[in-house]
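What follows is a set of notes on a single structure, which appears directly below.
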Amino acid sequence: MGVDLGDIISRSKISLDEFAGKTFAVDAYNALYQFLAIIRGPTGEPLMDRQSRVTSHLSGLLYRTTNLAERGIRLVYVFDGKPPSLKDTEIKRRRTIRFEATTRYESALSTGKFEEAKRYAQATSSLKDLMIDDAHRLLRYLGVPIVQAPSEGEAQAAYMAARGDVWAAVSQDYDSLLFGARRLVRNLAISGKRKLPMREAYVQVEPELVDLTSTLQTLQLSREQLVDLGILIGTDFNPDGFKGIGPKTALKLVKEYGRVERIAEVNKDVVPPPELDRIREIFLRPAVTSNYTLEWRESDVESLVQFLCGERDFNEERVRTVVERARTAMAKESGKKTLESFFGS
DNA sequence: CTAAAGGA
DNA sequence: TCCTTTAGG
């Protein structure tokens, strides 16, 4: 689930307008999982075409990408490669959670408890190969660039944000900061009031910006210390963190003692795991590639329509409308005649 | 998640 | 017109 830094770092609410003209590297798996979890029908089933192929992720990807493009926001999607072997435990843990959620979902469904079913259904999401292929195709037809990460997509996106090839990394997880992203943007979507499922509560979902330099400045930490802080709380590579240590305590300990080894000398509950240095390496010297080009092309509207409408049962008028709106808005924003000149170089 | 329909 | 609910695939 990523490292739980939410309570100790400062986030600033930002209007989408301030992002106009900027480029963002999106952690694609993070986004696709969210679409898969949230875009569901009344009984908790994801959206599907006539052949029962899931389409929730395509719906989310299409609307979000075109909506943001319409506001002058350029996205590049970064896909995961092979996860580090240290992530195996976490991957197994997630599989167990999905399995249990699936069981509960099915039993709630069979007893007619649809509201309960829907709640469990959200946790059953798993990204299949076809979904990844479909997401690739959708983005290709839209003319949106894709970067294939050698390992963690979040690390690659952070690297791109660290180099300044993009303005910020986009993810719901704070790990991007540990990976060195200069800026992290969360909730990059069309803002508005959203009602929480099963509650009478509404929340204002607005994009949030986290700046790495000012975060470190405020906390009075180095990035190495931020990584150790994350390891104390728990990361995907040591999911349990340390017994009895949450964000607040971890921050205090890191500020006082500097690094995990020194904390361990004083606190018996802190036993440095043997793979401590390997975890640090994942964040501080992640496997990334500089072999990518960020080139936005004119959308291939006919291929897109053939794919989404011909193969996946989307409504043709809707698809043409959202894509066309995005194209004209961007051409207008650039003050130039074509999308190509807007996106080019 | 958004877009579109439905109610106040 | 604004806000809430439902459909979409």
Side-chain angles (χ1 to χ4, degrees), chain A residues 15-17 19 24 26-73 75 77 109 114-115 117-119 121-128 130-139 141-142 144 170-173 185-208 299 301 303-330:
Chain A
S15 155
L16 273 189
D17 299 333
F19 292 149
F24 299 81
V26 181
D27 178 358
Y29 275 52
N30 189 274
L32 292 175
Y33 263 115
Q34 237 172 319
F35 296 144
L36 222 45
I38 294 164
I39 306 178
R40 283 166 184 272
T43 63
E45 286 288 310
L47 302 186
M48 289 182 285
D49 67 8
R50 232 182 275 90
Q51 295 178 49
S52 301
R53 291 176 296 212
V54 174
T55 54
S56 294
H57 60 308
L58 296 177
S59 194
L61 203 53
L62 173 70
Y63 288 126
R64 179 169 292 176
T65 308
T66 52
N67 259 308
L68 293 176
E70 195 175 349
R71 292 156 190 260
I73 296 170
L75 304 180
Y77 284 88
L109 202 59
F114 295 121
E115 318 237 300
K118 201 173 177 181
R119 204 159 54 240
Q122 299 206 353
T124 67
S125 311
S126 90
L127 267 182
K128 301 292 193 298
L130 179 66
M131 301 182 191
I132 303 299
D133 290 345
D134 280 1
H136 274 100
R137 282 181 78 187
L138 172 56
L139 293 169
Y141 297 145
L142 274 177
V144 171
V170 174
S171 174
Q172 289 304 107
D173 294 343
V185 171
R186 303 176 72 240
N187 303 336
L188 186 63
I190 305 309
S191 57
K193 290 182 282 293
R194 296 288 153 74
K195 61 178 180 316
L196 299 172
M198 302 291 81
R199 291 163 156 275
E200 274 310 302
Y202 285 78
V203 283
Q204 183 77 20
V205 180
E206 283 181 314
E208 290 177 359
S299 301
V301 181
S303 298
L304 184 70
V305 166
Q306 174 52 38
F307 171 45
L308 290 181
C309 310
E311 298 181 43
R312 295 294 183 274
D313 302 337
F314 276 62
N315 178 278
E316 180 166 344
E317 194 186 323
R318 267 185 158 187
V319 170
R320 286 191 187 276
T321 307
V322 291
V323 178
E324 210 50 45
R325 268 216 318 263
R327 293 179 72 248
T328 55
M330 296 200 89

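Each chain gets a letter, A, B and so on, in the order its sequence line appears, and its residues count up from 1.
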Next on the checklist: Can you measure A:L36 atom CG to C:dG8 atom C1' for me and round it to whole angstrom units?
Outcome noted: 15 Å
Next on the checklist: Does B:dT2 have its OP1 or OP2 closer than 4.0 Å to a side-chain nitrogen or oxygen of A:R64?
Outcome noted: yes
Checklist entry - Would you say a side-chain N or O of A:R325 is under 4.0 Å from OP1 or OP2 of B:dT2? => result no
Next on the checklist: Applying a 4.0 Å non-hydrogen cut-off, can you work out what A:P42 is touching in the nucleic acid: base, sugar-phosphate, or nothing?
Outcome noted: nothing
Next on the checklist: A:N315: which residues meet the side chain to side chain donor-acceptor pair (under 3.5 Å) condition with it, sequence neighbours left out?
Outcome noted: none
Checklist entry - For the pair made of NZ in A:K118 and C1' in C:dA7, what is the distance, rounded to whole Å? => result 11 Å
Checklist entry - Rounding to a whole Å, what distance do you find between A:I39:CD1 and C:dT5:C1'? => result 17 Å
Checklist entry - Looking across every strand, which nucleic acid part, if any, lies under 4.0 Å from A:R53 by heavy atom: base, sugar-phosphate, or nothing? => result nothing
Item to check | A:N315 side chain near C:dA7 phosphate (N/O to OP1/OP2, under 4.0 Å) | outcome: no
Checklist outcome for this item: Smallest heavy-atom separation, A:L58 atom then A:A135 atom, equals CD2-N, 4.0 Å
Checklist entry - Rounded to whole angstrom units, what separation is found between the CG atom of A:D134 and the C1' atom of C:dG9? => result 13 Å
Checklist entry - A:C309 versus A:V319: any side-chain heavy-atom pair under 4.5 Å? => result yes
Checklist entry - To the side chain of A:S59, which of C:dG8, C:dG9, B:dA3 is closest? => result C:dG8
Checklist entry - Salt bridge between A:D134 and A:R312, side-chain N to carboxylate O under 4.0 Å? => result yes
Checklist entry - How many Å lie between CG on A:L62 and C1' on B:dA3, as a whole number? => result 11 Å
Checklist entry - For the pair made of NE2 in A:H57 and C1' in B:dC1, what is the distance, rounded to whole Å? => result 14 Å
Checklist entry - Quick one: which of B:dT2, C:dG8, B:dC1 gets closest to the side chain of A:I38? => result B:dC1
Next on the checklist: Measure CD/A:E317 against P/B:dA5 and give the value in whole Å, please.
Outcome noted: 10 Å
Checklist entry - C:dT5 C1' sits how many Å from A:E115 CD, rounded? => result 13 Å
Checklist entry - Given the rule in the side chain to side chain contact (heavy atoms under 4.5 Å, CB included) test, do A:R325 and A:V322 qualify, once you have shown the distances and angles that lead to the verdict? => result CA-CA 5 Å; A:R325 268 216 318 263; A:V322 291; 4.2 Å; yes
